[in-house]
2 protein chains.
Amino acid sequence: MRQMFNSLQVEDGILSVRAAQQIQERIRSGELRRGDRLPSERELSEYLGVSRTVVREAIKLLKAMGLVRVRQGVGTFIAEPGPEILEAPIAALMGSGPKVIADLHQVREILEPPIAAMAAQNAAEDHIARLEQAMHDMEANIFHLERYIEADQRFHSILAEATGNSVLQLVAYSIVDLMQRERHLCFASPGATQRGCYHHQRILEAVKARDSQAALAAMQDHLGQIRDDITPNIQSLLSAQEMTETAEDGA
Amino acid sequence: MRQMFNSLQVEDGILSVRAAQQIQERIRSGELRRGDRLPSERELSEYLGVSRTVVREAIKLLKAMGLVRVRQGVGTFIAEPGPEILEAPIAALMGSGPKVIADLHQVREILEPPIAAMAAQNAAEDHIARLEQAMHDMEANIFHLERYIEADQRFHSILAEATGNSVLQLVAYSIVDLMQRERHLCFASPGATQRGCYHHQRILEAVKARDSQAALAAMQDHLGQIRDDITPNIQSLLSAQEMTETAEDGA
DNA sequence: TCGGTCATACTGGTCGTACCATTGCATTTC
DNA sequence: GAAATGCAATGGTACGACCAGTATGACCGA
């Protein structure tokens, strides 16, 4: 039924790449499921008919793709493909600068209001319960920034998950996560967490009431507030950056 | 010359990961620029004080991240980070199924109308010229599907680029590209290319007129047409998939 | 019997060498 | 001068040895 492996006419003769594709194929086909331990490198090398060097490089590729998790002394395991595997490529793609922060926020302003509206329509009871938990955690930690940010991020993740759209969830998670890395920008203003709680509360109530219009509006207000908080900081950073670049040009 | 590398107290003892970070750091800092060739593996291993195995695995990681391009017999080069490096992780993350196609399209419906509106506001003359070129290529190839699809994709990419938002460009490119892979769904209906030309023409004219509202509406209509084209196909695929799953359950 | 210690047999991580395959360039040859 | 040749450098593969964690179970003492 599945000798499709050989049918992959991979022009890339590199054995390690091909080996990685073979393993990947076995994962995708369900032959190996998440959490499973795949054979040891020595076994794989014998099974695939290549040296352990090749197997190791193949696993290295899979690891970079986030498909496996390697634990020394234990084994290599199929990882649950989490949205975080996008972070590295995205981060590598666009070194972080103030301009990128502004761009990120702009994308959020496009994506998240519709997400909130969809969540209000499609959220299951379980999602609402988890949203309330996240809401509670935020309110309990308005002075504990680390925990507050975690709950904040969790809130938005659950919202994206509640849409039932896996792609949306993926993209939204990546954007929010990259955004939160610049937490010192978003939460520099005094009272930012309190204002955040207020807006999140409005979003949550709209979702519970299944009012997608209200959810959309609440999310727009929320993001507008964040924009107001970060804009002055970004402005100063942008001007600082320009000065630096000017200085470099002169050097 | 620069033993700054030693100052990185990376707790992750894995040498290859650390080596990859060191090289990555040198790229990010501008010490190595895109297109540059980095030292040979043998030189790097000596310079970093590790074996060539480690250097190779580090390069493998960078390659998976899309940061370098390796050419046998020539060397390893810093790659221009293109948006396509996101495709592999995204594709790996969500095996393609009819549900994913529908989700992808939904995200497009959220993202692209605002993109068109922003492009109408911010497009430079150069962008408009390239949009006209893409438009022309589409009209010239309404019966040559391969070329038509290429021009179609190019049109949307230029539009995203014209927004001036790098993150938006990145996300939109990934979505559109993944979408186009299911071209047999999007262009199965007769006359799909002609209808596409009509809508693209409307979008282009709105952008040229700097009318963001019209651009937004035109893009909405365009995506709505695509949705009408693909919906029946997806429905049949979904039902077929359910039948397969039912059969597997019985087995 | 219970509980801790330690030997052991895995696992992945690193190393070094040798060799193969491809490429680019200098040299030779016509 | 142009084509063929040879050489040197690069990345790709292989093998074998050993290092470094981890889990397991045998062992021994209380």
Side-chain angles (χ1 to χ4, degrees), chain A residues 5-6 8-24 26-27 32-80, chain B residues 5-6 8-24 26-27 32-80:
Chain A
F5 297 172
N6 303 336
L8 298 172
Q9 71 291 11
V10 187
E11 94 295 343
D12 198 5
I14 284 88
L15 288 181
S16 61
V17 175
R18 202 158 38 179
Q21 288 175 337
Q22 289 181 7
I23 298 173
Q24 195 173 351
R26 293 218 286 170
I27 297 175
L32 295 171
R33 296 172 180 277
R34 83 167 238 192
D36 282 0
R37 213 198 80 187
L38 50 81
S40 72
E41 298 179 349
R42 291 164 177 92
E43 284 175 324
L44 273 177
S45 73
E46 185 180 3
Y47 177 60
L48 297 177
V50 296
S51 73
R52 195 181 151 212
T53 309
V54 172
V55 173
R56 281 188 58 76
E57 297 198 343
I59 291 179
K60 223 73 185 179
L61 282 173
L62 296 178
K63 180 185 173 187
M65 283 192 272
L67 284 180
V68 300
R69 174 150 174 261
V70 180
R71 294 174 60 193
Q72 181 176 181
V74 184
T76 303
F77 301 84
I78 312 297
E80 73 284 22
Chain B
F5 297 168
N6 302 339
L8 298 170
Q9 71 292 11
V10 186
E11 93 295 341
D12 194 5
I14 285 85
L15 288 181
S16 59
V17 175
R18 200 159 40 179
Q21 289 174 335
Q22 291 178 3
I23 298 173
Q24 197 172 351
R26 294 220 285 172
I27 296 175
L32 295 171
R33 296 171 181 277
R34 81 169 241 190
D36 283 359
R37 212 199 83 188
L38 49 82
S40 74
E41 297 178 351
R42 291 166 177 90
E43 285 176 324
L44 274 177
S45 73
E46 184 181 4
Y47 177 59
L48 296 176
V50 296
S51 75
R52 194 180 153 211
T53 308
V54 171
V55 172
R56 281 188 59 76
E57 295 197 345
I59 291 179
K60 224 72 185 180
L61 283 173
L62 297 178
K63 180 185 172 187
M65 284 193 274
L67 284 180
V68 300
R69 174 150 174 262
V70 181
R71 294 173 59 194
Q72 180 177 180
V74 184
T76 304
F77 300 84
I78 311 298
E80 73 285 23

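Reminder, nothing fancy here: chain letters follow the sequence lines and each chain counts from 1. This one's a predicted model, so the numbers in the text were calculated from it and none came from an experiment.
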message: In whole Å, I'd like the distance from the CD atom of B:E46 to the C1' atom of D:dT10.
response: 16 Å
message: How many whole angstroms separate atom CG of B:L44 from atom P of D:dA9?
response: 17 Å
From D:dT13, C:dT11, C:dC15, nucleotide with atom closest to A:E43 side chain: C:dT11
query: Bend across the helix from C:dT1-D:dA30 to C:dC30-D:dG1, to 10°, with axes taken over 5 pairs at each end?
result: 20°
- prompt: Over how many whole Å does the gap from B:E57 atom CD to D:dG11 atom C1' extend?
  reply: 15 Å
statement: B:L48 atom CG is separated from C:dG13 atom P, nearest whole Å, by 19 Å
message: Under the rule for side-chain contact (heavy atoms from CB on, under 4.5 Å), what residues qualify as partners of A:E43, not counting sequence neighbours?
response: A:P39, A:S40
Partner of B:T76 by side chain to side chain contact (heavy atoms under 4.5 Å, CB included), out of B:I59, B:L44, B:V55, B:L62: B:I59
message: Going by salt bridge (Lys or Arg N to Asp or Glu O under 4.0 Å), name the residues that satisfy it together with B:R69, two or more places apart in sequence or in a different chain.
response: none
message: Which residues pass the salt bridge (Lys or Arg N to Asp or Glu O under 4.0 Å) test with A:R37, not counting sequence neighbours?
response: none
field: 4.5 Å side-chain heavy-atom contact, B:R56 and A:K60
entry: no
Separation of D:dA14 P from B:R56 CZ (nearest whole Å): 11 Å
- prompt: Under 4.0 Å: is that the gap between some side-chain N or O of A:T76 and OP1 or OP2 of C:dG12?
  reply: yes
- request: Classify every nucleotide of nucleotides 18-26 of chain D by which part a protein heavy atom approaches to under 4.0 Å, writing B for the base, S for the sugar-phosphate alone and - for neither, in 5'-to-3' order.
  value: B-BBSS---
- request: Let me know the distance between CG of B:L15 and P of C:dG16, rounded to the nearest Å.
  value: 12 Å
field: 5' priority, DNA chain D, between A:S51 and B:R37 [closest heavy atom]
entry: B:R37
Nucleotide C:dT14, atom C1' - distance to CD of A:E41 in whole Å: 11 Å
- prompt: Can you find a side chain N or O atom of B:S40 that sits less than 4.0 Å from OP1 or OP2 on D:dT10?
  reply: yes
statement: Heavy-atom closest pair (A:V17 atom, B:K63 atom, distance to 0.1 Å) is CG2-NZ, 3.9 Å
- request: Please work out if A:T53 contacts a base, only the sugar-phosphate, or nothing of the nucleic acid, heavy-atom cut-off 4.0 Å.
  value: base
field: Inter-residue atom distance A:R34.CZ - A:L67.CG, 0.5 Å rounding
entry: 13.0 Å
statement: Taken in chain and number order and not counting sequence neighbours, the residues that satisfy side-chain hydrogen bond (donor to acceptor under 3.5 Å, both in side chains) with B:R52 are B:E41
task: Please report, rounded to the nearest Å, how far the P atom of D:dG12 is from the CZ atom of B:R69.
output: 12 Å
Where B:Q22 and B:L48 come nearest, the two heavy atoms and their spacing: OE1-CD2, 3.1 Å
